[in-house]
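Data block below; observations after.
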Amino acid sequence: MESERASLTWIKSSFSMGGGACVELATDGEAFALRDSKDPTVHLHYTYQEIEAFILGAKNGDFDSFLR
């Protein structure tokens with residue numbers, strides 16, 4: 001399992017400020033893995049449909065109320 005995690009190619013937003021405050025996304029077979037750069041050993045897994053709904057919601061402004 002650990003070797004599979006090591007082989008993932010993680011992508012983070014170009015808006016990320018660094019300093020360990022990044023959320024990173026990688027494809028993991030038929031699903032997607034999501035992790036927090038402060039603790040990269042913990043991975044959450046989501047389906048394509050779940051990630052698609054989240055990204056489309058973010059593009060639509062559904063989460064703008066969380067921004068400062």
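What you see below is based on every heavy atom in this structure, not just the backbone, and it leaves out hydrogens, waters and symmetry mates. Here the structure is a predicted model, which means the values were calculated and not measured.
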* Common cluster, Val23/Tyr48, ILVMFWY with side-chain heavy-atom separation under 4.5 Å -> yes
* Structure fact -> In terms of heavy-atom contacts, His43 and Pro40 come closest through NE2-O, 3.0 Å
* Asked: Which distance, rounded to the nearest 0.5 Å, do you find between the CD of Gln49 and the CZ of Phe32?
  -> 9.5 Å
* **Side-chain heavy-atom pair Leu8, Arg35 within 4.5 angstrom cut-off** => no
* Working to the nearest 0.5 Å, report the span between OG1 of Thr9 and CG of Leu25. => 11.5 Å
* Asked: Taking only residues two or more places apart in sequence, or in another chain, which ones meet Asp64 in a side chain to side chain donor-acceptor pair (under 3.5 Å)?
  -> none
* Structure fact -> Trp10 and Ala33 have their tightest heavy-atom pair at CZ3-O, 3.4 Å
In a table with atom names and distances, give each donor-acceptor pair under 3.5 Å that connects a side chain of residues 50-63 to protein atoms at least two apart or in another chain.
unit_1: Glu50; atom_1: OE1; unit_2: Thr47; atom_2: N; d: 2.7
unit_1: Glu50; atom_1: OE1; unit_2: Thr47; atom_2: OG1; d: 3.3
unit_1: Asn60; atom_1: ND2; unit_2: Asp62; atom_2: OD1; d: 3.0

* Are Leu34 and Val42 joined in one hydrophobic group, where the rule is that I, L, V, M, F, W and Y side chains link up if heavy atoms are under 4.5 Å apart? -> no
